[in-house]
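Only one structure is covered here, and it is reproduced in the block below.
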There are 2 protein chains.
Amino acid sequence: MNDESAAGGKGTQRRHRRNTGAMTLRQVAQLADVAPVTVSRVLNTPDVVSPEVRERVLAVIRETGYVPNRLAGGLASTRSNLIAAIVPTITMSVFLQTVQSLTDTLFDADYQLMLGQTGYSPEREDALLEAIIGRRPDGIVLTGVDHSAQSRQRLLGAGIPVVETWDLTDHPIDMLVGFSHRDIGSSVARYLAGRGRQQLALVTADDERARRRASAFEATALELGLPPVQRISVGGSRTLSSGRTALARLAESGSRPDAVFCSSDLLALGVMTEAQSRELRVGQDLGVVGFGDFDFVADLEPALTSVRINGAAIGEQAARFLVARAEGHAVAQPVVDVGFSIVERASA
Amino acid sequence: MNDESAAGGKGTQRRHRRNTGAMTLRQVAQLADVAPVTVSRVLNTPDVVSPEVRERVLAVIRETGYVPNRLAGGLASTRSNLIAAIVPTITMSVFLQTVQSLTDTLFDADYQLMLGQTGYSPEREDALLEAIIGRRPDGIVLTGVDHSAQSRQRLLGAGIPVVETWDLTDHPIDMLVGFSHRDIGSSVARYLAGRGRQQLALVTADDERARRRASAFEATALELGLPPVQRISVGGSRTLSSGRTALARLAESGSRPDAVFCSSDLLALGVMTEAQSRELRVGQDLGVVGFGDFDFVADLEPALTSVRINGAAIGEQAARFLVARAEGHAVAQPVVDVGFSIVERASA
DNA sequence: TTGAAAGCGCTAACAA
DNA sequence: TTGTTAGCGCTTTCAA
């Protein structure tokens, strides 16, 4: 009576899997009295279907609440409409803007974002990447340019378009949207020296990119003939509280820095808070520069000077690259330096 | 020569799709000289394969960098090892801890998280939900308990386990992990009244749950015989800057509130900042209570009193519920009230 | 312990 | 414009 009869023919023993329970495209087709392909066309290329048939099919879809299985679709079409992104963390972090704009840009292009967090751990990045590649996303956004040999091999082998972000390198895996951490370190040192600051200090988290900013900061201070930079490392703890502790240590070390460059705005807020409770006037006695230019820093008292990265632009550009590739277009200029700026405010 | 010969038989015209390029399980099987099922077993139930064969297969997998296609696996097994979560926003928000612990708990159980952000828009929630259901995740975490009729129908129809979070209701779709916003509003009002505060004010964002806290706050103040609560709505803008503006409006309105309950810690930080620049002593002249108990609020000057929600517990519990269901276990007590607490600090 | 066959739900290729 | 057929890459069922 229906097309199952073939499977239930007399000589054949029926055995295989009962279907999952959810409505399928085939069932919709039967209810609308059309072939399965036609339902597929209504969903994917509606213009190619006659209005009456289209309406009939859509009516069935509406009544049944049918939601097509994209896993099956993806398998058949080798297009998943999924983009994956891996960031160190989203908790109070500079990557938030990138993730946000990635989500938004992709949503508008009818893609979805899968997010992975490494917690700054390379092992975890490898594990995440394997899980991600297994889902055959149409593209992958990576943070940074340091990835294990294994991950590079898998990525290349899978043939999935990749965008590395938040850094620059001469040997990207595929595409690249970032900026130079070295230049930032130098620029901030020069900026502070130009404002008459002498005894510079660093309060910095312990990840590869922050370290690179810090080293360039120190090197430039030296070149400019300033005394050696004092550097306090807060390890992996990028909190307000670590910032307070760091300034306390600095203040009690005897030497009195007159400017501090922090590797994140939250650390900078900690430094400012501790300075205020020590009756140091931020902006006068102590210059403070943050990194990230979070939304709220402009409204602090005093407003915080910070290095601004256009994280949203990074996300948007990365999304555009990947969508272009997914649609089969080549990307002419697959390396973009989005630069940075020092936003001058009262704190320095 | 190989098993493709069947497809290329003389009478048949070969036409179909060339494979995608990436290594497949079938190719691994050929290289290891075993049947495809055997490779599948090595991947999923290794104990059932003899050690020698297992080693041979694993060697090939290692050499080729083969990563199994989970889309195909999911389609065949109707298990995706994917859990989806929908939150209003992750930008500087209270949901961050929940997302974080969800990610971590799921990662440990070998599941992955798909994240969607609604930006507090119900339309967007519907669109997201359709995209998500289409990927047949093994479970879905929702924020809040207000969902469109269409979404409820789809969810029920898809038969996917659901956990609603961050609120309570008598009619959950499926499972529920939350707390009472009404109770929070009442408790904070009582708390402030108990500390001798008279003229209470609200600075609140304009979403359903914040409104519910606010209404209960007002009602309780009234019951306690306090003067009417002044309420400033900041719309959808949950920023430090809105908090500053709100307190400015309050201060200039003539009436002088002696305590403010803010619907987020960031708003509270704005209120504090504005108070300080108006020479109001926070804690003495003006009590301030936040919501969320962000990491950094304990280290502010003065430290901020805030309503603490154990967002991490919500995420963990939700993850456990869904993993249990995915593994085929029933969940005995599928409704959990995680409660809340008022963390007393200097600001109130 | 291993394998052959069937099919998960969808789309690409071809035909009419 | 609509339909038929053959898979996408994997896992399940049944058999040995």
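Throughout, a chain's letter reflects where its sequence line sits, starting with A, and its residues are numbered from 1. Bear in mind that the values here come from a model prediction, so they are computed numbers and not experimental data.
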## Note on the structure
Out of dT11(C), dT1(C), dG3(C), minimum distance to the side chain of Ser50(B) belongs to dT1(C)
### Query
Residues in side chain to side chain donor-acceptor pair (under 3.5 Å) with Asn44(A), at least two apart?
Ser40(A)
### Task
With side chain to side chain contact (heavy atoms under 4.5 Å, CB included) as the test, would you mind laying out the steps for Val34(A) and Val39(A) before giving the verdict?
CA-CA 8 Å; Val34(A) 294; Val39(A) 178; 3.9 Å; yes
### Message
As a quick check of understanding, evaluate side chain to side chain contact (heavy atoms under 4.5 Å, CB included) for Tyr66(B) and Val60(B), giving each step before the final call.
### Response
CA-CA 8 Å; Tyr66(B) 167 67; Val60(B) 173; over 6 Å; no
### Query
Starting at CD of Gln27(A) and ending at P of dG9(C), how long is that distance when rounded to a whole Å?
8 Å
### Query
Among the nucleotides dT2(D), dA13(C), dG9(C), which one has an atom lying closest to any side-chain atom of Val53(A)?
dT2(D)
### Query
With nearest nucleotides of DNA chain C determined for Val39(A) and Val48(B) from heavy-atom distances, which residue corresponds to the more 5′ nucleotide?
Val48(B)
### Message
Starting the side chain at C-beta, find the nucleotide from dC10(D), dT2(C), dG9(C) nearest to Asn69(A).
### Response
dG9(C)
## Note on the structure
Quick note, Ala76(B) side chain, CB onward, closest among dC8(C), dT2(D), dT13(D) is dC8(C)
### Task
Can you figure out which of dT11(C), dG3(C), dC8(D) approaches the side chain of Leu75(A) most closely?
dC8(D)
### Query
About how many Å separate OG of Ser151(B) and CG of Leu156(B), when rounded to the nearest 0.5 Å?
11.0 Å
### Terminal axis angle for the helix from dT1(C)-dA16(D) to dA16(C)-dT1(D), five pairs an end, nearest 10 degrees
30°
### Message
Between P on dC8(D) and CG on Leu71(A), what's the gap in Å once rounded to a whole number?
### Response
17 Å
### Message
Distance check needed: dG9(C) P versus Leu43(A) CG, whole Å only.
### Response
15 Å
### Message
Taking any heavy-atom pair under 4.0 Å as a contact, classify Ala35(B): base, sugar-phosphate, or nothing.
### Response
sugar-phosphate
### Summary
Arg26(B) CZ to dC8(D) C1', in whole Å, measures 11 Å
### Query
Starting at CG of Asp47(A) and ending at P of dT2(D), how long is that distance when rounded to a whole Å?
13 Å
### Query
What is the distance, rounded to the nearest whole Å, between atom CD of Gln30(B) and atom P of dC10(D)?
13 Å
### Query
Between dT1(D) atom C1' and Asn44(A) atom CG, what is the distance in whole Å?
16 Å
### Query
Quick one: is Ser40(A) getting a side-chain N or O under 4.0 Å of the dT11(C) phosphate, OP1 or OP2?
yes
### Query
Do Glu123(B) and Ser121(B) have a side chain donor and acceptor closer than 3.5 Å?
yes
### Query
Could Arg135(A) and Glu130(A) be called an ion pair, given the rule that one side-chain N must be under 4.0 Å from one carboxylate O?
no
### Summary
Which of dT2(D), dG3(C), dA12(C) is nearest the side chain of Ser77(A)? It is dA12(C)
### Query
Which nucleotide sits closest to the side chain of Tyr66(A): dG9(C), dC10(C), dT2(D)?
dC10(C)
### Query
If you check the Arg41(B) side chain, which of dC10(D), dT13(D), dT11(D) turns out closest?
dT13(D)
### Query
Using a cut-off of 4.0 Å on non-hydrogen atoms, how would the nucleic acid contact of Pro36(A) be classed: base, sugar-phosphate, or nothing?
nothing
### Query
Taking CD1 from Ile61(A) and P from dC10(C), how many angstroms apart are they, rounded to a whole number?
10 Å
### Task
Verify the contact: side-chain N or O of Thr24(A) to OP1 or OP2 of dC8(C), cut-off strictly under 4.0 Å; return yes or no.
no
### Query
Do the side-chain N and O atoms of Gln100(A) and Thr91(B) include a donor-acceptor pair separated by under 3.5 angstrom?
yes
## Note on the structure
Sequence neighbours excluded, the answer for side chain to side chain contact (heavy atoms under 4.5 Å, CB included) partners of Ile86(A) is Thr118(A), Glu125(A), Leu128(A), Leu129(A), Ile132(A), Leu142(A)
